[in-house]
Amino acid sequence: MANRIEMHGQIKAFYSIVFNNTHDIRTTHVSLYIFLLNQNNRNNWVEWFKCPYDLAMQGACISSRTTYYSILHDLSDFNLIEYKKGINNFKAPMIKIIPLTLPKFEQLTEQLTEQVTVPLSVPQTVPLSGNILRLITDNLKPITDNYAIFEKFVLDLSKPNITYNEFIDKFNLLRKSKFSNKDNKAKGQFNARIKEGKTIDDILTALQNAMKEKNHIESGFKYLTPEFITRSDKL
């Protein structure tokens, strides 16, 4: 999987497994597998890569650590990945993406309904014009064209993104503080602002502006916390 062509084939092969019900694959399996593909891509397709459980849970929208490790174990049983456990559930496991082979397209294009024995429409008595014919044939694109769109989506995920931990590091550097990343309320507000389209620069700019305000200066920036600056009304 060292290039886009192989990435494309990996995604196509994976979804052929999904569509053919080869395994009992659920939405959590799909979301975690796609996230692991993205992480492997960001690691330049090394054979083995680390993936912290909290990062994977956030990226795959899995809220329970127990569920995360169960899904990870399932992906291994499905022969989609290999993983080496960390010392405990708090240590990052090592992940390996197993290359997949796309089955023959004949397996994906089997006729799903009985053959029609009578014509569905009356034959045309005059030939179609060139414009009409082109409109019809232009729509006869193979379903597999959608994989190119999906491949682009997955590759776009590899663009650098800002996690809450990284935000806290930048916040502390700017604020000269030592806030931890354990404030779930602040973390939830941060994620909500990111989903709304805000960026890390927007939030840090709001912090810089607040640090210039008289009341914050007089209080020694006592109330300038990650929870405060990530509120929707502060941006």
Side-chain angles (χ1 to χ4, degrees), residues 27-44 46 49-73 75 83 85-95 153-235:
T27 54
T28 45
H29 293 112
V30 174
S31 60
L32 180 55
Y33 183 77
I34 293 303
F35 179 78
L36 292 177
L37 275 183
N38 168 54
Q39 288 302 105
N40 202 183
N41 184 39
R42 295 183 66 179
N43 283 277
N44 296 318
V46 294
F49 64 97
K50 284 186 177 181
C51 187
Y53 77 89
D54 53 347
L55 177 64
M57 287 171 59
Q58 182 178 8
C61 299
I62 297 174
S63 58
S64 164
R65 189 185 302 127
T66 300
T67 300
Y68 165 69
Y69 279 104
S70 175
I71 297 302
L72 196 67
H73 182 74
L75 292 178
Y83 80 96
K85 294 182 179 179
I87 299 175
N88 52 51
N89 279 0
F90 295 92
K91 297 294 183 180
M94 295 292 291
I95 308 291
F153 165 76
V154 173
L155 292 176
D156 284 345
L157 291 176
S158 65
K159 296 178 181 178
N161 62 348
I162 300 299
T163 66
Y164 182 69
N165 291 350
E166 292 171 319
F167 162 69
I168 288 296
D169 290 341
K170 292 177 181 293
F171 181 98
N172 285 331
L173 184 63
L174 186 61
R175 166 77 166 69
K176 293 182 173 60
S177 55
K178 296 181 180 180
F179 289 99
S180 75
N181 58 4
K182 305 301 182 183
D183 187 336
N184 290 330
K185 183 178 180 181
K187 183 176 181 179
Q189 290 177 175
F190 171 82
N191 291 332
R193 303 293 83 78
I194 296 300
K195 288 182 179 180
E196 291 168 357
K198 299 297 189 296
T199 66
I200 182 69
D201 289 336
D202 293 333
I203 302 174
L204 293 179
T205 297
L207 173 62
Q208 289 175 312
N209 291 336
M211 291 175 68
K212 299 175 184 177
E213 295 177 5
K214 182 179 179 180
N215 61 316
H216 287 303
I217 294 174
E218 290 177 348
S219 68
F221 307 130
K222 177 180 179 180
Y223 303 103
L224 275 182
T225 65
E227 186 278 329
F228 176 90
I229 206 64
T230 53
R231 297 175 187 175
S232 59
D233 60 325
K234 303 306 175 187
L235 300 177

**Request:** Find out whether L72 and P93 are in side-chain contact, i.e. whether some heavy atom of one side chain is under 4.5 Å from a heavy atom of the other.
**Result:** yes
**Prompt:** Ion pair present between E166 and K170, side-chain N to carboxylate O less than 4.0 angstrom?
**Reply:** no
**Message:** Taking the side chain as everything from C-beta on, heavy atoms only, tell me whether H216 gets closer than 4.5 Å to M211.
**Reply:** no
**Item:** Separation between OH of Y33 and CG of N38, rounded to the nearest 0.5 Å
**Value:** 12.5 Å
**Asked** Can you tell me if N43 uses its side chain to pair, donor with acceptor, with the backbone of Q39 under 3.5 Å?
**Response** yes
**Prompt:** At what distance, to the nearest 0.5 angstrom, does CD1 of I62 lie from OH of Y69?
**Reply:** 11.5 Å
**Prompt:** What heavy-atom pair brings A210 and I229 nearest, and what distance separates the two atoms?
**Reply:** CB-CD1, 4.3 Å
**Message:** Would you compute the distance between atom CD of Q58 and atom NZ of K187 and round it to the nearest 0.5 angstrom?
**Reply:** 5.5 Å
**Residues in side chain to side chain contact (heavy atoms under 4.5 Å, CB included) contact with I217, at least two apart in sequence or another chain** = F221
**Request:** Answer with yes or no whether the side chains of T205 and D202 bring together a donor and an acceptor at under 3.5 Å.
**Result:** no
**Message:** Is any side-chain heavy atom of D183 closer than 4.5 Å to one of F190?
**Reply:** no
**Asked** Sequence neighbours excluded, which residues qualify as ring-ring contact (aromatic ring centres under 6.0 Å, His included) partners of F179?
**Response** F171
**Request:** Provide the closest heavy-atom pair for P226 versus A186 in the form atom of the first, atom of the second, distance.
**Result:** C-CB, 4.0 Å
**Prompt:** How long is the span from the OG1 atom in T67 to the CG atom in L32, to the nearest 0.5 Å?
**Reply:** 11.0 Å
**Separation of I95 CD1 from F49 CZ (nearest 0.5 Å)** = 5.5 Å
**Prompt:** Taking R193 for the side chain and I203 for the main chain, is one N or O donor matched with an acceptor at less than 3.5 Å?
**Reply:** no
**Request:** Decide yes or no on side-chain contact (heavy atoms from CB on, under 4.5 Å) for F167 and N181, but give the supporting numbers first.
**Result:** CA-CA 9 Å; F167 162 69; N181 58 4; over 6 Å; no
**Message:** Suppose we screen for side-chain hydrogen bond (donor to acceptor under 3.5 Å, both in side chains). Which residues come up paired with N172, at least two apart in sequence or across chains?
**Reply:** S177
**Request:** Could you pull out the closest heavy-atom pair between Y68 and A56, with the gap in Å?
**Result:** CE1-CB, 3.5 Å
**Item:** Separation between CD1 of I168 and CZ of R175, rounded to the nearest 0.5 Å
**Value:** 11.5 Å
